[in-house]
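I have placed the structure first, in the form of structure tokens, so that the comments after it can refer back to it.
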Amino acid sequence: MNKKTLVSLVALATAGAAFAQTFPGAGVGAIPDRGTAGCGAPNGPPLDVTFTVTDVFPPLSAVEVDLEANHSWVGDLDVSLIAPDATEHVLFASTGSTTVTGCGSSDDLLGIYNFTDDGTDDWWALGTPYPSGDYQTTTAGDDPSGGVATSISDAFAAVADPNGTWTLRITDGGGGDTGDVTAANLFLMGGPNPDIIFADGFDSAPPPVQ
């Protein structure tokens with residue numbers, strides 16, 4: 001096999017491999033307050049931060065999302081990630097609350113928070129302000145069983161087409177405390193492009209040139 005053929009085959013194999021992409025969020029800004037005193041339903045109107053995803057091929061093997069946020073009283077916030085097919089996964093919600101009308105943790109957000117299955121920081125450990133770090137997603141509060149670690153990647157593994165608009169939705173379930181999201185990013189690890197190696201209709205890579 002000559003060097004030119006070897007380089008071409010390596011390029012094809014690399015192009016067909018799984019790859020990761022990061023997509024910046026649009027629509028960041030103030031999180032609308034609930035507007036009335038107390039905690040629990042109904043929440044205020046959502047702040048929807050959107051990510052326009054293109055050129056990602058299934059299956060998804062890893063999903064991460066980060067946000068830079070500033071908000072007093074973290075227990076007010078319900079935050080979830082929604083895929084283009086409407087699959088939804090809670091990042092955190094009603095942190096520290098054990099009843100449906102509980103106000104949860106009064107600790108503040110002031111940092112960059114990355115949600116990943118590799119996270120080693122405990123979202124329900126509490127502390128003010130919450131330190132920036134890598135966190136696992138957790139089940140919602142409002143009952144004593146809340147705060148259990150979950151897998152964000154497993155939640156979206158069955159999404160058939162990752163391309164389209166993903167939404168990071170933030171709502172406020174407690175009156176009086178306010179804040180905003182100043183930046184967010186979505187990270188997706190997709191599968192190989194099925195059209196790159198076999199674009200010529202062959203069932204296998206072309207034979208080497210001698």
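Because the structure is a prediction, the values reported are computed rather than measured. Throughout, residue positions are numbered sequentially from 1 according to the sequence presented.
F19 and D55 get closest at one heavy-atom pair: CZ-O, 3.1 Å. Summarising the geometry of V49 relative to G25, their closest heavy-atom pair is CG1-CA, 3.8 Å, with the distance given to 0.1 Å. Listed here is the closest heavy atom pair of T116 and D134: CG2-CB, 4.0 Å. The shortest non-hydrogen separation linking P162 to F57 is CG-C, 4.4 Å. Heavy atoms only, all atoms of each residue included: P32 and A30 are closest at CD-O, 3.4 Å.
Under the side chain to side chain contact (heavy atoms under 4.5 Å, CB included) criterion, D121 pairs with Y135, sequence neighbours left out. For A93, the side chain to side chain contact (heavy atoms under 4.5 Å, CB included) criterion is met by D78, V90, A140, not counting sequence neighbours. Under the side chain to side chain contact (heavy atoms under 4.5 Å, CB included) criterion, D66 pairs with N114, N185, not counting sequence neighbours. Applying the salt bridge (charged side-chain N to carboxylate O under 4.0 Å, His left out) test to D48 and every residue at least two apart in sequence or in another chain returns R169.
Every pair tested for disulfide bond (SG atoms under 2.5 Å apart) that includes a residue from residues 58-89 fails, sequence neighbours excluded, so the list is empty.
Between the side chains of S80 and H89, no donor N or O sits under 3.5 Å from an acceptor N or O. Between the side chains of T167 and T50, not a single donor N or O lies within less than 3.5 Å of an accepting N or O. Inspection of the D142 and S97 side chains reveals an N or O donor paired with an N or O acceptor under 3.5 Å. If you check the side chains of S105 and W73, you find no donor sitting under 3.5 Å from an acceptor.
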For L81 and I152, run side-chain contact (heavy atoms from CB on, under 4.5 Å): C-alpha distance rounded to whole Å, both residues' side-chain angles, the deciding distance at 0.1 Å, then the answer.
CA-CA 9 Å; L81 181 65; I152 187 173; 4.1 Å; yes
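In this structure, L47 is a member of the same hydrophobic cluster as F23, with clusters built from ILVMFWY side-chain heavy atoms closer than 4.5 Å. Grouping the Ile, Leu, Val, Met, Phe, Trp and Tyr side chains by contacts below 4.5 angstrom, directly or via other members, places W124 with Y130.
Taking the six-membered ring for Trp and the full ring otherwise, F115 and W123 have centroids separated by under 6.0 Å. Taking the six-membered ring for Trp and the full ring otherwise, F92 and Y113 have centroids separated by 6.0 Å or more.
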Which pairs of donor and acceptor atoms, one on a side chain in residues 170-178, lie under 3.5 Å apart (sequence neighbours left out)?
{"residue": "T171", "atom": "OG1", "partner": "N43", "partner atom": "ND2", "Å": "2.9"}
{"residue": "D172", "atom": "OD1", "partner": "G174", "partner atom": "N", "Å": "2.8"}
{"residue": "D172", "atom": "OD2", "partner": "H71", "partner atom": "NE2", "Å": "3.2"}
{"residue": "D177", "atom": "OD1", "partner": "S72", "partner atom": "OG", "Å": "2.8"}

